[in-house]
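The first residue in the sequence is number 1, and the count goes up from there. We count ligands from 1, going down the list as the structure has it; atoms in each ligand are counted the same way.
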Amino acid sequence: MSEKSYNANDLKILEGLEAVRVRPGMYIGSTGIKGLHHILWEIVDNAIDEAANGYADTISVTLHADGSASVEDNGRGMPTDINTKAHMSGVELIFTKLHAGGKFDSENYAFSGGLHGVGASVTNALSSWLNVEVYRKTVFKMSFKSYYDKERKKWMCGIPSAPLEDTGEKTAKRGTYVRFMPDGEVFETTEWNYDAIYKRLKELAFLNKGVRIDLADERTLYREEEVTAEDGDIVLKKVARPAKEPVSFKFDGGLIDFVKYLNEDKTPLYSSPLYYSAVKDIKVKGADAGKIKIEFAVCHTKDDEESLYSFVNNICTVEGGYHETGFHNGLLKFVNDYARANGVLKAKDAPFIADDIKEGLTAVLTVKMNNVEFEGQTKTKLGNPEAKALVEQAVAEGLASLVGVRGNKAVFDEMAKKAKFAADDRIKHRAERDIAKAASDSDQLNLIGKLAACTGKNPELNELFIVEGDSAGGTAKQARVRQYQSILPLRGKPLNVQKKNALQALQNEELKTLISAIGAGFNNSFDVEKSRYKKVIILSDADQDGLHIRCILLTFFFKYMRDLVKAGCVYIGMPPLYKVYKKDVEIYAYDDKELDEAIKKVGKGYSIQRYKGLGEMSAEQLWNTTMNPATRNLVQVTIEDASAATRVIDMLMGDKVEGRKQFLAENANFNKVDGFIERVNFKRDEGEAYN
Ligand code: 28F
């Protein structure tokens, strides 16, 4: 084929917002459910910025019955005057120019969550319509539309229907109101996920002390309930889920309230969390590089586990980064010095190591700064090295200022004693831990009979299915391709390691078998290069227990085999929820949307089989719907999903049964952990490579 020469004219100049519509993934990551919520977060972030800079104190989010979403703040209101450079109003600039909003010159906004985002114009470009109202003594209004222009054969994105209009209507209100309709042409789903929005707004309320955030959900959602018709057939009825009661979040204690919330199911070592905040000048290579705001709250508990939530510009940095390193270093240095000075560490004692001060540590660390470098697989790791020393300094000076406060001596004594106990335990158990490490080395551990191992030895091709229950395990053993598919049936629920330590995890039979099957070690000795499987696929039932088992396994992988998740080796198998059929036609549906499509395809006289568990399927069906690489649906788990699973267990499910029941009852479609897992269709055509 002749080499086509590209010159400047060939490069399609995508002016304005078309670029966003042509490649939405460039701006919001994906057009799946995560991308959908990104366009909501852009608007919420702008309202939060207005509040974080002290101009607003109330933000209202509404999910409307028509599927649109609105956000309102009571701040200054977007600028309505004409921007002389752009010859348009500040409002039009913000919604029609990429990265407009002037947040990139930091004098307007000291710190802005929006830095992480791409601005409100992206929300506008990906919405079929967007209306904005600005309350500044009078009501200003503006509307935008996105549509496909047939004549000109091009997308018109975020086009104003008229310039900003001053309606002249007097108002005592102040602030900005934005309502928008996500475009069904762009997104795979436009159904808002209430739980995810609830969690995020709650988090933002904790992070922005005193700001009130309201959430109202006016939608009537329909869920499928199966009822047995008089002829005994199971038919599905659309049952309306009751609209949610409006909720309101406001935490005048800010991070202190956040830490107390995280400790709700734990036993704090001291009554009130320690809190400190500081603003410091950033110097990069001696040059002034703006300011950094550092805040943290700390409260140890009787638990073993560490629960550290860190944020940069309100973005949860699940993958950590320099700020977390600085935090741990600062805390370790302080506790060592304090323990020495107060006789907890004798001269002969070795100093504490980081693990000792992490035991039982609940903490929230937030950093606000400009020119942030987000790194990592899901861009949730802080990559600015200058943050490390500054956070370390803030922790040192903060704790030093707190230790002198009346009543805090007891707190620091508790902290030092806890670290000493952890250190002694570590040293005493070093021997045991070495055994545990050896035990996790799979060659030592005899493979417990449960695993049906595949015959092939090529890790690149091999897959391990973790199947819930013996009956499904049996079916899967029949269904699999022996050459490259191993089956590990789980009997009952594995240990929930969220609140356990490594030694306890190793005592659990199920987890021990799993560790030996994967054959790559465990915890500190885990080496993903040694994994026997390129894919570890969790197959659990689409019911309450199945979701709980999935969260437990994801928590286990997140804590003790994190590199396996990072390498993209962990998947969730998506069994179909329904089979729609009549005489010789059968179609499998993996969620409610596909169910409707399947019913339309099969046409009248259809019947429906609702799969409650894998055990109900024949080997043939299980192979075709869930195990055959050419036809199955797999969900590739990201580190964020795995972290969300621990949060689901922590924040939403808790260990209390009623908490779990309530959460699970609301998450009808079990093919999601927290509503955000997106499906990766493996329609591999090199199926023959496996036969
Ligand atoms: C529902 C979403 O977007 N609220 C916003 C403001 C207020 C100003 C502003 C926004 C600063 C200079 C870029 C007003 N008066 N809620 C929102 N409230 N943007 S967005 O200014 C624009 C940026 O240019 C504002 C004085 N300064 C800033």
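- Residue-ligand proximity, R136 to ligand 1, at heavy-atom distances under 4.0 Å covers atoms 14 (C), 15 (N).
- The aromatic rings of F296 and F327 stand perpendicular to each other, their planes meeting at an angle above 60°, with 30° marking the opposite boundary.
- At least one heavy atom of G77 lies less than 4.0 angstrom from ligand 1.
- With ring centers used as reference points, F206 lies 6.0 Å or more from F249.
- Relative orientation of the W192 and F180 rings is perpendicular, given thresholds of 30° and 60° on the angle between their planes.
- At least one N/O-N/O distance between R76 and ligand 1 falls below 3.5 Å.
- In terms of polar-atom proximity, D73 is counted as a contact of ligand 1, with an N or O under 3.5 Å from an N or O of the ligand.
- In this structure, P79 has a heavy atom closer than 4.0 Å to ligand 1.
- For R212, the side-chain hydrogen bond (donor to acceptor under 3.5 Å, both in side chains) partners two or more places apart in sequence, or in a different chain, are D214, S248.
- When only modelled atom types and interatomic distance are considered, T380 and E319 share a side-chain donor-acceptor pair under 3.5 Å.
- For the residue pair T362/S307, the side-chain donor-acceptor check at 3.5 Å is not satisfied.
- Of all the atoms in ligand 1, the ones that sit under 4.0 Å from a non-hydrogen atom of I43 are 1 (C), 2 (C).
- Ligand-side atoms of ligand 1 in range of V71: 1 (C), range being under 4.0 angstrom from any heavy atom.
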